[in-house]
Amino acid sequence: MDQQPAAALGFYTTDVDILATLGIPLAAEQPIRGDSGFTTFPDYFPQEALAEVTPFANYPEFNYERVLGAAPDFILNGLGYDAEVHEKLAAIAPTYTTNAFDGESWQSHFEQTAKDLGRQEQYDQWVKGYQDHGQQAKKAIDEAGNGDLTVATLGYWDGKVNVDCYSYLECGVFDTIGLKTEELSKQKGLSLSLEELDQLKNVDAVWMSKGVGDDAQAELDKSIAAMEKSPYWKSLPFVKNNRIYTYNMEMTYGSPSGAVAFMEQVRSDLAK
């Protein structure tokens with residue numbers, strides 16, 4: 001690139017958060033999800049950087065006309081699993097593309113992106129703040145007597161239950177705080193039938209993601225109702241002790257503000 005960006009655009013929502021966290025000036029319009037009840041940026045994103053920014057829906061349907069209309073001088077694209085997307089974006093502005101959803105840790109992609117964009121210092125500052133948050137969360141959770149819990153995420157889709165950490169954001173937070181993560185969470189793509197939920201017999205607390213609004217809550221309630229049909233459901237520790245918590249589904253996909261926000265969610269839930 002001939003010069004530093006003055007009006008960068010993040011093609012997916014997490015890309016917007018990465019740009020803002022790295023201190024890269026944003027174009028006046030930025031993408032958000034167009035489903036799951038989202039009408040603006042997640043409330044945990046850097047609000048100061050987004051104060052004068054107008055959101056537009058760009059997922060699951062891509063809106064290249066709005067991207068062009070935003071007049072970006074640089075584009076960060078985390079959807080590198082689709083080569084066609086990069087080609088179209090590169091015709092609009094210089095584009096840095098990575099496949100942020102290839103099964104690797106979201107943070108490894110974030111670090112590499114920061115390094116490639118000459119923003120290592122900003123990344124290091126974020127890491128320090130993240131680790132400081134982790135120490136504070138650990139202290140609060142330990143003081144509440146919950147530091148020895150075994151934890152996991154929980155999801156229900158198409159008749160199956162999963163506990164894996166999609167982009168490692170949630171498991172990364174658990175590790176940073178010092179909580180014990182259920183071993184099944186480390187098996188990518190593992191799904192359990194309702195008849196296999198006894199494998200969660202050692203899990204003390206779970207977090208389920210959800211969108212925003214009434215429809216998202218109804219969908220969550222529907223998922224829990226389906227899992228309640230398991231013969232083991234009522235015997236699971238996180239059910240008996242009422243430790244099923246929720247968090248914003250956008251955190252699942254991995255971004256710096258999302259990691260800190262999920263950490264704060266866990267601290268809030270377990271430090272009561």
Side-chain angles (χ1 to χ4, degrees), residues 12 14 36 78-81 98-112 130 134 137-138 141 146-211 219-220 222-241 243-256 258-263 265-267 269-270:
Y12 185 67
T14 51
S36 302
L79 306 183
Y81 52 78
T98 185
N99 183 3
F101 305 100
D102 61 358
E104 297 298 321
S105 165
W106 78 273
Q107 192 174 340
S108 66
H109 289 293
F110 177 36
E111 181 177 15
Q112 187 63 53
Y130 176 68
K138 176 176 175 54
I141 292 170
N146 290 324
D148 60 347
L149 298 182
T150 296
V151 298
T153 58
L154 189 71
Y156 181 81
W157 178 256
D158 197 23
K160 295 286 187 177
V161 176
N162 61 74
V163 294
D164 70 319
C165 293
Y166 177 69
S167 68
Y168 197 70
L169 181 141
E170 300 94 339
C171 288
V173 166
F174 296 149
D175 289 346
T176 301
I177 294 175
L179 294 168
K180 181 181 179 182
T181 305
E182 164 57 41
E183 286 297 318
L184 293 176
S185 298
K186 302 173 184 178
Q187 299 183 36
K188 285 291 183 181
L190 175 69
S191 294
L192 303 174
S193 68
L194 296 181
E195 289 71 29
E196 296 174 315
L197 291 194
D198 59 320
Q199 295 185 45
L200 304 181
K201 60 182 180 297
N202 296 320
V203 180
D204 300 302
V206 299
W207 282 261
M208 296 185 67
S209 68
K210 71 172 185 174
E219 186 65 27
L220 177 69
K222 182 179 178 180
S223 294
I224 292 177
M227 290 187 289
E228 286 176 342
K229 296 178 182 178
S230 167
Y232 302 105
W233 182 257
K234 292 183 179 180
S235 66
L236 298 174
F238 59 85
V239 176
K240 291 193 297 182
N241 296 315
R243 282 180 170 153
I244 300 177
Y245 306 109
T246 61
Y247 65 106
N248 190 314
M249 64 169 283
E250 263 299 312
M251 298 178 189
T252 299
Y253 304 106
S255 73
V260 174
F262 182 68
M263 184 177 287
Q265 183 70 59
V266 173
R267 184 208 63 78
D269 291 333
L270 297 187

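Heads up: numbering here begins at 1 and tracks the sequence.
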(request) Please report the shortest heavy-atom distance between Arg267 and Ile141, naming the atom on each side. (result) CA-CD1, 4.0 Å
Just distance, no hydrogens or angles: give the donor-acceptor pairs under 3.5 Å from side chains in residues 173-182, sequence neighbours left out.
unit_1 : atom_1 : unit_2 : atom_2 : d
Asp175 : OD2    : Tyr168 : OH     : 2.3
Thr176 : OG1    : Tyr130 : OH     : 3.4
Thr176 : OG1    : Gly172 : O      : 2.8
Glu182 : OE2    : Leu184 : N      : 3.1

(request) Working to the nearest 0.5 Å, report the span between CG of Leu270 and CD of Gln265. (result) 9.5 Å
(request) Let me know which of Val206, Val239, Leu236 forms a side-chain contact (heavy atoms from CB on, under 4.5 Å) with Leu200. (result) Leu236
(message) So does Thr14 get a backbone contact from the side chain of Ser255, meaning a donor-acceptor N/O pair under 3.5 Å?
(response) no
(request) Search all heavy atoms of Asp164 against all heavy atoms of Gly189 and return the closest pair with its distance. (result) OD2-N, 3.3 Å
(message) Quick one: does any side-chain atom of Lys188 pair with a main-chain N or O of Tyr166 as donor and acceptor, under 3.5 Å?
(response) yes
(message) Among Asp204, Val151, Asn202, Ile244, exactly one meets side-chain contact (heavy atoms from CB on, under 4.5 Å) together with Phe238. Which residue is that?
(response) Ile244
(request) Check salt bridge (Lys or Arg N to Asp or Glu O under 4.0 Å) between Lys186 and all other residues, then give those that pass, not counting sequence neighbours. (result) Glu183
(message) If I take atom SG from residue Cys165 and atom CD from residue Gln187, how far apart are they, to the nearest 0.5 angstrom?
(response) 12.0 Å
(message) Using the ring pair (Phe, Tyr, Trp, His ring centres under 6.0 Å) criterion, which residues pair with Tyr245? Sequence neighbours excluded.
(response) Trp207
(message) With a 3.5 Å distance limit and no angle check, can you tell me whether Lys201 reaches the backbone of Pro237 through a side-chain donor-acceptor pair?
(response) no
(request) Can you measure from OG (Ser167) to NE2 (His109) and round to the nearest 0.5 angstrom? (result) 9.0 Å
(request) Search all heavy atoms of Ser230 against all heavy atoms of Leu194 and return the closest pair with its distance. (result) OG-O, 2.6 Å
(message) Less than 4.5 Å apart, side chain to side chain, heavy atoms only: is that true for Pro256 and Trp106?
(response) yes
(message) Let me confirm one number: the OG-OH distance from Ser209 to Tyr253, rounded to the nearest 0.5 Å.
(response) 7.0 Å
(request) Search all heavy atoms of Lys160 against all heavy atoms of Ser191 and return the closest pair with its distance. (result) CB-CB, 3.8 Å
(request) Output the distance between atom CE (Met227) and atom CH2 (Trp233), rounded to the nearest 0.5 Å. (result) 4.0 Å
(message) Test your reading of the model: is there a side-chain donor-acceptor pair from Thr246 to the backbone of Met208, 3.5 Å cut-off?
(response) no
(message) Using modelled atom types and a 3.5 Å cut-off, is there a donor and acceptor pairing between side-chain atoms of Asn241 and backbone atoms of Arg243?
(response) no
(request) Report yes or no: does Ser235 contribute a side-chain atom to a donor-acceptor pair with the main-chain N or O of Tyr232 at less than 3.5 Å? (result) yes
(message) Assess the residue pair Phe101 and Leu79 against the criterion (side-chain contact (heavy atoms from CB on, under 4.5 Å)); give the C-alpha distance rounded to whole Å, side-chain angles, the decisive distance to 0.1 Å, and a yes or no.
(response) CA-CA 7 Å; Phe101 305 100; Leu79 306 183; 3.4 Å; yes
(request) Just do the side-chain contact (heavy atoms from CB on, under 4.5 Å) check on Gln199 and Val163 with the steps written out, would you? (result) CA-CA 11 Å; Gln199 295 185 45; Val163 294; over 6 Å; no
(request) Work out which heavy atom in Asn162 is nearest to a heavy atom in Leu190; give both atom names and the distance. (result) CB-O, 3.5 Å
(request) For Val161 and Tyr156, work out which heavy atoms get closest and say how close. (result) CG2-CD1, 3.8 Å
